[in-house]
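Step one of this worksheet: look at the structure below.
Below, each value reflects all heavy atoms present in this structure, side chains not excepted, and no hydrogens, waters or symmetry copies. In what follows, every chain begins at residue 1, and chains take the letters A, B, ... in the order their sequences are listed.
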Amino acid sequence: MQKQLKSFKGGIHPPNFKNTSELKTVVMPLPTKVIIPMLQHIGSACEPIVKKGDYVFVGQKIGETKGFVSSPVHSSVSGTVIDIKPYLGLSGETVLAVEIVPDGLQKLHKSIAPINTKNKADLIEKIKESGIVGLGGAGFPTFIKLSPPPDKKIDTLIINGAECEPFITSDYREMIEKGQSIIDGIKLLMSIIDVKKVFIGIEKNKQKAINYLSKLIEGDNSIEIVALKTRYPQGGEKQLIYAITGLRVPMNGLPLDVGVVVQNVNTVSFLAEYIKTGIPLIKKRVTVEGTCIKNAMNIEVLIGTSLSEVFEFCGGFSEKPKKIIVGGPMMGVAQFSLDSVVLKPTNAIIALCEKDISKTVESVCIRCGKCVFVCPMELLPLSINALSVNGRAKETINYYINDCIECGCCSYICPASRHIVQSIRNAKIELKKSASNI
Amino acid sequence: MELNLLVSSSPHIKSQQTTKKIMRDVLIALIPATIAAAIFFGIKILLVVLVTVLSCIVSEYLWTKIFKKKSTINDLSAIVTGVLLALNLTPTIPLWIAVIGGFFAIFIVKMPFGGLGHNFINPALAARAFLMASWPVQMTLWQNSAFDMVSTATPLTLAKGGTEAVGSLPSIFNLFIGNVGGCIGETSALALLIGAIYLIIKKVITLEIPLTFIGTVALLTWIFGGENLFEGDFLFQILAGGLMLGAFYMATDYTTSPITSKGKVIMGVGCGLITAVIRLYGGYPEGVSYSILLMNLVVPLIDKFIIPKSFGGKKL
């Protein structure tokens, strides 16, 4: 069942580049080694529970959680631990990582078995143990979302199939290749969170997925597919919730403040598979794309595989890349080395050549206001930028800086190529510093 | 292969829009008005435009050289100021006055305050006001058409009455196509509207300021401009004088207009109010340039107080 096209205010229309959408996902063979960092999620890093020389199995827990907001880490191969060493993560933090050389046998750990419990608390505990985090890219430990505090009533579950970033098609391929798994996962979530109504938000440019999933849920009135206008950042959860329900998540708040839980299609699909097999999160679909790679494709790759081995498998570069991005071109993180590895929230690896990336030299703000026009959070980016670069970060509070989702629409549209998002990030850091100094 | 990867903040892609392209779009939008001026006032106005533009470019280049800054003339903004200033001068203007005007706009109004993006009032209009105060006679020596060098009065001067006003009021048709006396670029509403439509399609300007500006002038002159209330000839008022040029091309200047939609409406209404008051009750027949300059001064206040609450924010 479809509704007419919903959307949100602001946003931009970058070119789609969805060239891999009709290619079947290719399974990448075993890499020569995997490096599994202890932090692949929002929250606190895990502690390694294996040591150099240990033999580990596929799906064996090798990192135990520390703190509540955390997610355990598992080995994606069977083989020997050859080192435990520091690893520079996506946000610049250094954590430990376990380096394992696979023996090629891929022996499953003996604890792995289908999940049979129906008890809600046990289920949530098992989901925590699976290591699942938000696979849309944020990496928030899923089990926390499934156990909201008792005073927050959840009445809507929204499944995020928007996939608004250019290049990335991994959510789309999940909907086409594992549609039934997604529906099964939704049913599971409905029983855990106890919601009666589910919406699946899918951008209009993925009509095949809309049609296919509509067919799968035919006759089921509890799930509704909402076709959304193709616009970035429709996949941002605040924009998604607003487009589908008209509700606004308050600044510094969470979706559960408006009674909503949002999950990515890959996350719910994994949950369904996990219940059936008991195998924790050890592999991912990643879109390998860009303007300077030989063969763009979606691959199924083991967590911990290095970017260099991924690119090698895909045929290498057609010309020298200037930027390697993990994530999408709007919000992804630029990499300094191909030795970085595929992590749990990695959904795309994009190689861009020099002529396709944004200019590094800013020019003066002419106050054209285009950034104001495109900001999906209804902010005044140019004002926050001006305050930030002039050392007045404290005043950005008056401009609702905490509502900035760092989507990049402002920097994208700015005719002066100003580094607005960067300055907003700097201002946020300044604010945090001065808050912790009080 | 040996990689030399760039690591910088997201986003990593950009739209093709640049400051230079925006300036170029404004220049393109001003072509119809310039052509109309050449048709009605003669080819000589092209010389006025050229001289003014050159004066602006040279002034800006001079400033950057004297103060050892990187030359900024490549962003085309000096050219835009030059063209807009020229369009605000009478077709009979002595070229040396145009040169001084260009110098004033750039060297006095724009560059000392920080150059592009930092001017506190519209440089072209500020220069026009300066020239008007310094050489009032030469600045108000009008001409009817290319073939008629007899000094005449602009439609607004005629409408205001007064002992020196000769001739009857021009028709609405002539006002619309530009076959009337006035500044080089202000007379042809048709040509200006064509350019304005181009700017709107290219998303260079938005409609809040022009519509509220023109609408407020129309409303107030309709109510108060006639013998009795609600008898004003508002169509005449919006087509005459520099309202079309001012509302679409000058009040919408990015640096000197508010950044929020609400702020833009306030500016448009303010400009319209001041224009109507000056036209109906003030000493000058035309009030557009002064209304814009006065509202320019208020813009920082408007932007300071109009901070819309964010998507999820509560009003602070």
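- Between A:Y399 and the options A:I384, A:L382, A:I424, a side chain to side chain contact (heavy atoms under 4.5 Å, CB included) holds for only A:I384.
- Atom CD1 of B:I205 and atom OH of B:Y254 lie 8.5 Å apart (nearest 0.5 Å).
- If you measure heavy-atom distances from B:S257 to chain A, the contacts under 4.5 Å come from the backbone alone.
- Using a 4.5 Å cut-off between heavy atoms, B:L6 contacts chain A through both its backbone and its side chain.
- Residues A:Y242 and A:F8 keep their aromatic ring centres 6.0 Å or farther apart.
- Closest of all the heavy-atom pairs between A:R418 and A:C365 is CD-CB, 3.5 Å.
- Contact annotation for A:C368: both backbone and side-chain heavy atoms come within less than 4.5 Å of a heavy atom of chain B.
- Contacts of A:S417 with chain B are made by both backbone and side-chain atoms, with heavy-atom separations under 4.5 Å.
- Note on A:I324, A:I12, A:I325, A:L379: by heavy-atom pairs under 4.5 Å with chain B, the leading option is A:I325.
- A:R367 and B:G117 make their closest contact through CD-O, 4.1 Å (heavy atoms, listed as atom of the first residue, atom of the second, distance).
- With respect to chain A, the highest number of heavy-atom pairs below 4.5 Å among B:T206, B:T19, B:V7 belongs to B:T19.
- There is a side-chain donor-acceptor pair under 3.5 Å between B:S8 and A:K323.
- Put simply, of A:V364, A:V372, A:I350, A:I420, the one with the most heavy-atom pairs under 4.5 Å next to chain B is A:V364.
- Looking at A:K9, there are no atoms closer than 4.5 Å to chain B (heavy atoms on both sides), in backbone or side chain.
- Comment: B:E208 does not engage B:K262 in a salt bridge, judged by the lack of any side-chain N to carboxylate O separation of less than 4.0 angstrom.
- Proximity to chain B is limited to the backbone of A:P376, based on heavy atoms less than 4.5 angstrom apart.
- By the 30° and 60° cut-offs, the orientation of the rings of A:F17 relative to A:F167 is parallel.
- Of the atoms belonging to A:I357, heavy atoms from both backbone and side chain fall under 4.5 Å from chain B.
- Contacts of A:I413 with chain B are made by both backbone and side-chain atoms, with heavy-atom separations under 4.5 Å.
- Aromatic ring centroids of B:F213 and B:F248 lie 6.0 Å or more apart.
- Looking at A:E354, there are no atoms closer than 4.5 Å to chain B (heavy atoms on both sides), in backbone or side chain.
- Ranked by heavy-atom pairs under 4.5 Å with chain B, the list A:K322, A:Q335, A:Q422, A:R425 is led by A:K322.
- Both the backbone and the side chain of A:P329 have a heavy atom closer than 4.5 Å to some heavy atom of chain B.
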